[in-house]
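These notes are about the structure you will find just below.
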2 protein chains.
Amino acid sequence: MSIVFDNVFEIHCENVVERSAIGRHAPVKSRNSGVFCATVSEVMTPQTGIPGIANAQQPQSPGEPSSARVTINDVARAAQVSVSTVSKVVNGRYGVAPATIAKVHQVISELGYETSLVASSLRSTRTNIIGILVAEFEPFSLGLLNGISATLRGTQYDLMAYAGNLSPEGHAGWERRSLSRLGGTLIDGAIIVTPTVEVPHSSVPVVAIDPHAGPEMPIAIDVDNHSGAYTATRHLLDLGHRRIGHIRGRGDLASAHLREQGYRQALEEAGVEFDGQLSHDGDYQHDAAVQAAHDLLDLPQPPTAIFAANDLSALAALQVAGERGLQVPGDLSIIGFDDIPAAAQSSPPLSTVRQPLHEMGAQAVNMLLGLLAGEDVRSPGHLPAVLVPRETTGPARTS
Amino acid sequence: MSIVFDNVFEIHCENVVERSAIGRHAPVKSRNSGVFCATVSEVMTPQTGIPGIANAQQPQSPGEPSSARVTINDVARAAQVSVSTVSKVVNGRYGVAPATIAKVHQVISELGYETSLVASSLRSTRTNIIGILVAEFEPFSLGLLNGISATLRGTQYDLMAYAGNLSPEGHAGWERRSLSRLGGTLIDGAIIVTPTVEVPHSSVPVVAIDPHAGPEMPIAIDVDNHSGAYTATRHLLDLGHRRIGHIRGRGDLASAHLREQGYRQALEEAGVEFDGQLSHDGDYQHDAAVQAAHDLLDLPQPPTAIFAANDLSALAALQVAGERGLQVPGDLSIIGFDDIPAAAQSSPPLSTVRQPLHEMGAQAVNMLLGLLAGEDVRSPGHLPAVLVPRETTGPARTS
DNA sequence: CAGGTCATGTCAATCGTTTTCGATAACGTT
DNA sequence: AACGTTATCGAAAACGATTGACATGACCTG
């Protein structure tokens, strides 16, 4: 198996058709115009003589798609034990002799038995599926997804993804499907990354991830906005800057306030008096940030550095600086917050402070697993944002 | 419900706790240090007098998390019909009197019954889940995911996501979990976006999405690499460029060849003779592209425009141009391929040719649904790449 | 009015597991 | 030698739905 990336957005498949040593090449059916729509059938290779169970249907046309699934009954029969025993072996429960265990395992691998998740879910009332609700698949959820799926690997759980972008048909689809699943029968627990007002009637444990929670909202996992902003500002101060502008985030979001507070605290600790003129309105969006950057730079005594409440705003400021013929970081240092992918791609690459998305996802999973295990989970606290100095920050001019 | 984005990477939650009018505020349990880990219990409000079914357990402490799930039996009993009838009503099958249907529906909504997907899957041998296998959650799969999940909405299917990045523990996890699911019992069909060599023993229909398939590989869905490259090159030609460089993609990938062929065909049709010096090695990666760009620009007669086989390479070229003090597009026009998110963020924003990821995802779903319905699906052919002219391409200097 | 059709419903088997509980045999103890 | 303990295993009842076969009237036809 080899995986080849064209950075992060190109994927290459070398070969998708079955090449396993045992079995044989799977038949590719319905192959019109170079299309690959195959129904690869499982080919069984019973090596012990279990009559009439695996090879009952083997028509002349090789490899019909069907082929009765191997059940626990088949295994039990072949191993000459009861289904209960097979179940015990499969689930590693106590009370079966070593010899029996070995035999059952052998038969299982010979028959290629795989336990039916559906059937076992029905009986055990756990589906071993956790759901994630995102508003949309975008870079933010993406980082989380990677963390979540990586953490889930190695556990018994699979990940069901619900995207609730409400573009075309309103949110009828989302509401009826995704949210109903929370109270439904399919998932054991959920991680929500959506700005929904209500999570109705959930009968399963839920963990919320949210970088921009409102002040009154209970939070599960988020980044330490305050200390991240502090770090960013401190970075600027350490480079000798004293007039440091700030482009704020959305005023109704807690993160924006926390980030501004971090900024002000850093200034204060450095003995730099806060100048209201230097903290300018923004809303985390591009346009407002452009305006803010202009206003900042139009000041009679403009800042030598800007801390923007998020990368998008920082990128906007970077663009404004370019338009004005300012050298970055020569004439103006800029630092953002989030470390979105585009931050590394700008020219010059943007200094910023990173949200540990992967880690946040991992923490969310761990919390959820704890809840599912009935443990008394506790919040990991705010996750640290780490400084990512790149090339938009440099020493203050000593003139 | 309100959704607020800080562009595409910030999500804001206003309130996650239940606020439904019926029922009551759900209890938030385990609330240490501002954490939100709630088990919101479904509160039933039986309005007809169905004795002893919904309110059996109602301890003094309000809202215990549990509460026996209401099953089809409960509904049947309450509606005074048989379970078969309820089943028929739920599944809209023929043979139930209108009055009965109404009654059952009423009871269902009163009791808040939701069919157990697990149980119905067991009997009907369909799980109504389709799986997607991605190598990693990155921008490419992201676009697909959006298309896929949007298309899936409105169908009966849910989406199970498997990421197979093989970072930490090798690919043991991926192999044993994700791929085994293909032959397993959980999903009805799969869309694979992974560079795996083997898809072993799949007993379900599979559709492959792949932008960079090797020449011999059967393909389900991909973009028209040839015509996309043709379009990009043509764009440059239309702007008056005649010396057009090309930074190639990975030599072992079909897409790279197709893109180069498209480039050469456009030149040919415009009566511009192909100059081998102008087509330079690359591998879709940043570093090689930087080298290629330098080589191209070091030519005694350097190109006035460059078509890079992907955006990453184009961005690299853009950076090289900047380092060399070249104005883009004044001195040099650049166009890429893919339209990755970073393309819109560069300065100046990168002209490129877009892969219709959303559409590709939708097509994949439609093909898969067709296969699942037993239809004779056929490939939609290569999807068109569309020109996205931004600001890195301009008229050729007439000197 | 006997027999047939149609519209409605119900019965009971079934899907593949898990899990409780009892049966059996082997063994060690007095 | 009789009895109590273990260790091992199987029988059978769930789990919650689907489904085809059948039952029951009502209604129609000739």
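Just so we're on the same page: letters track the sequence lines, and every chain starts at 1.
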- request: Figure out the NZ/C1' separation between A:K88 and D:dG10, and round it to whole Å.
  value: 8 Å
- line: Comparing nearest nucleotides in DNA chain C, the 5'-proximal residue of the pair B:L122, B:Q80 is B:Q80
- prompt: Checking all strands, does B:T115 fall into the base, sugar-phosphate, or nothing category for heavy-atom contacts under 4.0 angstrom?
  reply: sugar-phosphate
- prompt: Got A:V81 and A:V89 here, is their nearest side-chain heavy-atom distance under 4.5 Å?
  reply: no
task: Send over the distance from A:L186 CG to D:dA17 P, rounded to a whole Å.
output: 14 Å
- prompt: Heavy atoms under 4.0 Å, any strand shown: does A:V81 hit a base, just sugar-phosphate, or nothing?
  reply: sugar-phosphate
Between B:S87 and B:S84, a side-chain donor and acceptor under 3.5 Å: no
task: Identify whether any heavy atom of A:S87 sits under 4.0 Å from a base atom; if not, whether one sits that close to sugar-phosphate; answer base, sugar-phosphate or nothing.
output: base
message: Counting C-beta onward and ignoring hydrogens, is there a side-chain heavy-atom pair between B:L368 and B:P205 closer than 4.5 Å?
response: yes
- request: List the atom of B:T115, the atom of A:T185, and the distance in Å for their closest heavy-atom pair.
  value: O-OG1, 3.5 Å
Spacing between B:N128 atom CG and D:dA17 atom P, to the nearest angstrom: 15 Å
query: From D:dG10, C:dT10, C:dT18, pick the nucleotide closest to the side chain of B:S84?
result: C:dT10
field: Donor on one side chain, acceptor on other, A:R126 and A:Y157, under 3.5 Å
entry: yes
- request: Calculate the interatomic distance between B:I72 atom CD1 and D:dT19 atom C1'; express it in whole Å.
  value: 12 Å
- request: Mind calculating the distance between CG (A:N91) and C1' (C:dG16) to the nearest angstrom?
  value: 13 Å
task: Taking only the side-chain nitrogens and oxygens of A:R123, find out if one of them lies under 4.0 Å from OP1 or OP2 of C:dG16.
output: no
Report, one pair per line, the protein and nucleotides 4-8 of chain D atoms (nitrogen or oxygen only) whose separation is under 3.5 Å.
{"unit_1": "D:dA7", "atom_1": "OP2", "unit_2": "A:Y94", "atom_2": "OH", "d": "3.3"}

message: Just so I know, are the side chains of B:D188 and B:I129 near enough to count as touching, which here means a heavy-atom distance under 4.5 Å?
response: no
- prompt: Hey, does B:L371 have a side-chain heavy atom less than 4.5 Å from the side chain of B:E375?
  reply: no
- request: State, to 0.1 Å, how close A:A78 and A:V107 come at their nearest heavy-atom pair, and which atoms those are.
  value: CB-CG1, 3.6 Å
- line: Picking from C:dT10, D:dG16, C:dT19, the nucleotide nearest the side-chain atoms of B:A119 would be D:dG16
- line: Atom CZ of A:R93 and atom P of D:dC9 are separated, to the nearest Å, by 15 Å
query: Is there a side-chain contact between B:K103 and B:Q80, using heavy atoms and a 4.5 Å cut-off?
result: yes
Short side-chain N/O contact to C:dG16 OP1/OP2 from A:T71, under 4.0 Å: no
- prompt: OP1 or OP2 of C:dG16 sitting under 4.0 Å from any side-chain N/O of A:S116?
  reply: no
task: Round to the nearest Å and state the distance from A:R77 atom CZ to D:dG10 atom C1'.
output: 16 Å
- prompt: For B:S120, which contact category applies under a 4.0 Å heavy-atom criterion: base, sugar-phosphate, or nothing?
  reply: sugar-phosphate
- prompt: Quick one: is D:dC9 close enough that its OP1 or OP2 comes under 4.0 Å of any side-chain N or O from A:T85?
  reply: no
- prompt: Of all the choices, D:dG16, D:dT18, C:dT18, which nucleotide is nearest to the side chain of B:V83 once you look at every atom?
  reply: D:dT18
- request: Side-chain contact test, heavy atoms from C-beta onward, threshold under 4.5 Å: evaluate it for B:I132 versus B:L159 and give yes or no.
  value: yes
task: Check whether any side-chain heavy atom of A:Y162 lies under 4.5 Å from a side-chain heavy atom of B:S149, and answer yes or no.
output: no
query: Should B:R69 be listed as having a side-chain N or O under 4.0 Å from OP1 or OP2 of D:dG16?
result: no
message: Angle between the two end axes of the helix from C:dC1-D:dG30 to C:dT30-D:dA1, five base pairs per end, rounded to 10 degrees?
response: 50°
task: Nearest whole angstrom, please: distance from the P of C:dG9 to the NZ of B:K103.
output: 11 Å
query: Contact class for A:V90 (heavy atom, under 4.0 Å): base, sugar-phosphate, or nothing?
result: nothing
